[in-house]
Amino acid sequence: REYSFYYARKVNGITCIGNGISVGYDAVNQRIYSFNIEWYNKEFPSIEGVAQLEDMYKVAFEQVGLELQYKPSYSENRDTESMIFPPVDTGIKPEIKLVYVLKSGKPLIFDAFTGTILNYDGKPYKEAKQIEYTDIDDSFAKNQIMALAEFGIYLEGTEFKPNEKITQLDFFYLLSKTLGYYYGPVITKDSPSSDIDNLYNYLIREGIIAKDEKKPESTVKREDAVKYIIKAMKYGEVAEIKDIFNCKFVDKDEISPGLIGYVTIAQGFKIVGGHNGYFYPQKELTRAEAAVMIYNYLAR
């Protein structure tokens with residue numbers, strides 16, 4: 001009934017990802033029903049001096065390395081498509097094989113001239129350093145702070161400053177690192193405005209924050225922190241439903257009316273537990289409290 005065609009752009013014989021022409025053809029009425037073209041108006045680098053593929057293999061093995069993983073393997077007698085996307089109703093079970101793959105955790109993008117590992121934003125990748133804070137031994141959140149740091153969710157510096165109020169920028173940086181598909185650079189108040197804007201643009205696209213809520217240097221109320229976490233979990237629409245939530249915090253009347261659903265969901269998921277039955281929704285969130293909330297969100 002219809003055909004789809006895609007013509008990939010090539011420059012110097014190299015495919016340009018995201019550039020090309022797509023066409024949809026209606027075979028019944030014999031007409032083109034869709035046409036789209038994406039074409040970068042940019043100067044492409046010359047291929048002169050590009051490293052050989054064998055050299056890039058060496059970089060991959062030495063700088064990324066291999067690790068063992070268990071992978072499913074389907075019968076070789078099946079067609080390629082069904083091997084990649086096995087039907088759910090056949091009852092066919094895969095054979096599990098132990099294989100070597102490139103280690104996870106590092107981007108697999110290399111500068112074609114230097115072999116430098118690049119982040120997904122095109123900037124040089126930096127190995128995550130071991131975090132050692134000097135001021136958290138007496139903090140109630142020490143275990144959560146260090147557990148997050150082990151997974152690359154941390155704030156820069158040798159001091160965590162657990163009792164200080166957390167800024168919106170620092171809270172969103174921690175939260176963004178939990179989402180898995182955000183690969184931006186380390187963000188601090190001294191970061192270039194373009195990096196900070198990229199972080200906020202990402203959060204706005206994901207529906208976690210509205211444009212008019214962008215206030216990097218402001219503090220974060222406990223009820224607002226919960227709202228952002230619940231939106232990151234994609235439960236925002238559910239939380240907005242009125243008159244269905246039974247919030248059990250003693251001070252629930254102090255929660256902003258539009259945020260009752262968010263707080264109740266967070267309480268149900270044990271993201272927040274309160275203190276002696278109180279949530280203190282209008283209290284400004286400390287850095288230690290932020291770490292506990294985010295840890296609980298990941299551990300739910």
Are more than 12 heavy atoms from other residues, nucleotides or ligands located less than 6.0 Å from atom [atom1] of [X]?
X      : atom1 : answer
Phe113 : CZ    : yes
Phe249 : CZ    : yes
Asp138 : CG    : no
Glu48  : CD    : no
Tyr3   : OH    : no
Tyr33  : OH    : yes

Can any side-chain N or O of [X] pair as donor or acceptor with the backbone N or O of [Y] at less than 3.5 Å?
X      : Y      : answer
Ser256 : Leu259 : no
Asn119 : Gly122 : no
Ser139 : Ala141 : yes
Asp135 : Lys161 : yes
Asn29  : Arg31  : no
Arg1   : Ala27  : no
Glu67  : Ser104 : yes

Are [X] and [Y] close enough for a salt bridge, meaning some N to O gap below 4.0 Å?
X      : Y      : result
Lys234 : Glu206 : yes
Glu213 : Lys227 : yes
Asp137 : Lys142 : yes
Asp195 : Lys123 : yes
Glu284 : Arg222 : no

Do the side chains of [Y] and [X] get nearer than 4.5 Å, heavy atoms only?
X      : Y      : answer
Ile229 : Tyr262 : no
Gln30  : Asp26  : no
Ile21  : Phe35  : yes
Asp170 : Ile187 : no
Phe110 : Thr116 : no
Thr178 : Ile294 : yes
Pro124 : Lys126 : no
Val292 : Phe140 : yes

Among pairs that include at least one residue of residues 245-269, which meet salt bridge (Lys or Arg N to Asp or Glu O under 4.0 Å), considering only residues two or more places apart or in two chains? none

How many angstroms lie between [atom1] in [X] and [atom2] in [Y], if you round to the nearest 0.5 Å?
X      : Y      : atom1 : atom2 : answer
Lys71  : Glu95  : NZ    : CD    : 15.0 Å
Ser73  : Leu98  : OG    : CG    : 12.5 Å
Ile260 : Glu223 : CD1   : CD    : 8.5 Å
Tyr173 : Thr167 : OH    : OG1   : 12.5 Å
Phe171 : Ile209 : CZ    : CD1   : 10.0 Å
Ile145 : Ile153 : CD1   : CD1   : 13.0 Å

Heavy-atom closest pair, residues [X] and [Y]:
X      : Y      : answer
Ile131 : Ala149 : CB-CB, 4.0 Å
Ala60  : Leu102 : O-CD2, 4.0 Å
Ala51  : Met56  : CB-CE, 3.7 Å
Ile117 : Pro107 : CG2-O, 3.5 Å
Tyr40  : Cys16  : CD1-SG, 4.1 Å
Ala239 : Phe245 : O-CE1, 3.8 Å

Given side-chain contact (heavy atoms from CB on, under 4.5 Å), test Ile230 with Val263 step by step and report yes or no. CA-CA 9 Å; Ile230 298 304; Val263 175; over 6 Å; no

Is there a path of hydrophobic side-chain contacts, each under 4.5 Å between heavy atoms of I/L/V/M/F/W/Y residues, joining [Y] to [X]?
X      : Y      : answer
Ile255 : Ile241 : yes
Ile265 : Leu298 : yes
Ile244 : Met233 : yes
Phe279 : Val250 : no
Tyr6   : Val23  : no

Side chain to side chain donor-acceptor pair (under 3.5 Å) evaluation trace for Glu132 with Thr158: CA-CA 6 Å; Glu132 294 184 1; Thr158 57; over 6 Å; no

Assert yes or no for the condition that the ring centre distance of Tyr228 to Phe172 is strictly below 6.0 Å. yes

Any chance the rings of Phe269 and Tyr235 have centres within less than 6.0 Å? yes

Candidate pair Lys10 and Asn19, rule side-chain contact (heavy atoms from CB on, under 4.5 Å), full reasoning: CA-CA 8 Å; Lys10 288 191 174 182; Asn19 270 226; over 6 Å; no

Could you check whether Tyr100 and Gln69, counting side-chain N and O atoms only, form a donor-acceptor pair closer than 3.5 Å? no

Donor + acceptor pair across side chains of Thr286, Glu164 (<3.5 Å): no

With Ser46, which residues qualify under side-chain hydrogen bond (donor to acceptor under 3.5 Å, both in side chains), at least two apart? none

Which residues pass the side-chain hydrogen bond (donor to acceptor under 3.5 Å, both in side chains) test with Gln168, sequence neighbours left out? Tyr200

Check against side-chain contact (heavy atoms from CB on, under 4.5 Å), Leu199 and Ile196: CA-CA 5 Å; Leu199 171 62; Ile196 295 175; 5.7 Å; no

side-chain contact (heavy atoms from CB on, under 4.5 Å) evaluation trace for Tyr70 with Lys97: CA-CA 6 Å; Tyr70 287 105; Lys97 292 187 175 181; over 6 Å; no

